[in-house]
Amino acid sequence: MKKLYGVIGDPIAHSMSPVMINDLFDLYGIDATYMPFHVSSDGLEAAVNGLKALGVVGFNVTVPHKTEIMPFLDEIDPMAKAIGAVNTVVNKDGRMIGYNTDGRGYVRGLKEEISSLTGQTVLMIGAGGAARGIYFSMAEAGVERIDICNRTPSKATELMRTCPFPVKTEVFDIKKAEELLPQYDLLIQTTLIGMAPKIEGTPLSLKGLKPDSFVSDIIYNPLETKFLREASSAGARTQNGIEMFVYQGALAFEIWTGIFPDTERMRENVLKQLGGFSC
Ligand code: ATR
């Protein structure tokens, strides 16, 4: 019998996951299908029970349900518990188990560009949900020092305090981070600043940026944010948010099927879909 997978969110119509994951099922000859399900917050518990009752093998969870779904699952992987958010669920013999592949996916994508992460001096911009997964996963990967700057520094301090892995961190406001910019090898932009439709924003000035640094932005719409454009003009190597999206999907696929899929093919697939509505 065909196996059923899916993604739940609100809104969900523009999710790129169904095309990306169904293509992988075809590629690997797996008799399965992956569907988008529009689930509102007040229907979340019923949806989880319904997916379980229908024998859905696995599903992704997207905005706004990543945290709210946690009490409705039977088990939560330690990393997802620490982050406080789930983006991937697997149905193991009727038990719904939650994982978070966002942060680890980000790190996997970064490793494709930077062979040794451990010695890097890192500045992360932002301290929201996405930043949490990335910071914990970078710490898990053995990065020794990650400084954080955020509009609200107290949120960054709170994030740092709750990290389950050892990592040295100083927290700065944006102005101080701009002053200290020449010391960083790697910048990770995790806020929504610069995302369509407000594409003119940047989170901080790149005036002091080291020319041989690497600058990464988790936004993929537009593919090149103003921040990345400025970094590139200053001589830095850059990476957009496609990698995080592709690798979080690849890790979810591996959890469900045991196969780590062809990420190059996934990237091409996503870029083709973005051609439709990205600016
Ligand atoms: P996500 O889950 O996508 O990470 P989030 O949890 O709402 O979203 O976090 C958004 C991040 O973007 C936060 O770091 C937020 O800064 P604050 O902690 O000060 O709120 C940052 N952010 C969002 N809009 C911003 C703006 N206009 N200026 C500066 N920072 C902004």
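Worth knowing before you read on, the calculation uses all heavy atoms, side chains too, and leaves out hydrogens, waters and symmetry mates. Along the sequence shown, residues carry numbers from 1. A quick note: this is a predicted structure, and the numbers were derived from the prediction, not measured. Numbering of ligands and ligand atoms starts at 1, following listing order.
- Close contacts of ligand 1 with Thr191, meaning ligand atoms under 4.0 Å from a residue heavy atom, involve 12 (O), 21 (C).
- Rounded to the nearest 0.5 angstrom, Ile8 CD1 and Ile12 CD1 are separated by 8.5 Å.
- One option in Ile193, Asn150, Ile174, Asp102 has a heavy atom closer to atom 16 (O) of ligand 1 than any other, and that option is Asn150.
- Near Lys155, the atoms of ligand 1 lying under 4.0 angstrom from a non-hydrogen atom of the residue are 17 (P), 18 (O), 20 (O).
- If you number the atoms of ligand 1 from 1 as listed, the ones under 4.0 Å from a heavy atom of Ala130 come out as 1 (P), 2 (O), 4 (O).
- When hydrogens are left out, the protein atom nearest atom 2 (O) of ligand 1 is Gly129 N, 3.5 Å; that is the closest non-hydrogen contact.
- Counting non-hydrogen atoms of neighbouring residues, nucleotides and ligands closer than 6.0 angstrom, the NZ atom of Lys226 exceeds 12 such neighbours.
- Closest to atom 3 (O) of ligand 1 among all protein heavy atoms lies Leu192 CD2, 3.8 Å.
- Within the set Arg151, Met195, Met124, Arg132, the minimum heavy-atom distance to atom 31 (C) of ligand 1 is found for Arg151.
- If you number the atoms of ligand 1 from 1 as listed, the ones under 4.0 Å from a heavy atom of Gly126 come out as 14 (O).
- Annotation: Thr190 places no N or O atom under 3.5 Å from an N or O atom of ligand 1; distance criterion only.
- More than 12 heavy-atom neighbours from other residues, nucleotides or ligands sit within 6.0 angstrom of NZ on Lys52.
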Salt bridge (charged side-chain N to carboxylate O under 4.0 Å, His left out) between Lys66 and Asp102: does it pass, once the steps are laid out? CA-CA 11 Å; Lys66 288 186 182 187; Asp102 287 328; 2.8 Å; yes
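- Ranking protein heavy atoms by distance to atom 10 (C) of ligand 1, first place goes to Gly128 CA, 4.4 Å.
- A donor-acceptor pair shorter than 3.5 Å cannot be found between the side chains of Thr101 and Tyr247.
- Scanning the protein heavy atoms around atom 19 (O) of ligand 1, the nearest turns out to be Thr152 OG1, 2.4 Å.
- Annotation: the span from Gln239 atom CD to Ile188 atom CD1 amounts to 9.5 Å, rounded to 0.5 Å.
- Residue Ile199 is not grouped with residue Leu228 when hydrophobic side chains (ILVMFWY) are merged at heavy-atom distances under 4.5 angstrom, including chains of intermediate members.
- Geometrically, Arg267 does not engage Phe245 in a cation-pi contact, judged by NZ or CZ lying under 6.0 Å from the ring centre and within 45° of the ring axis.
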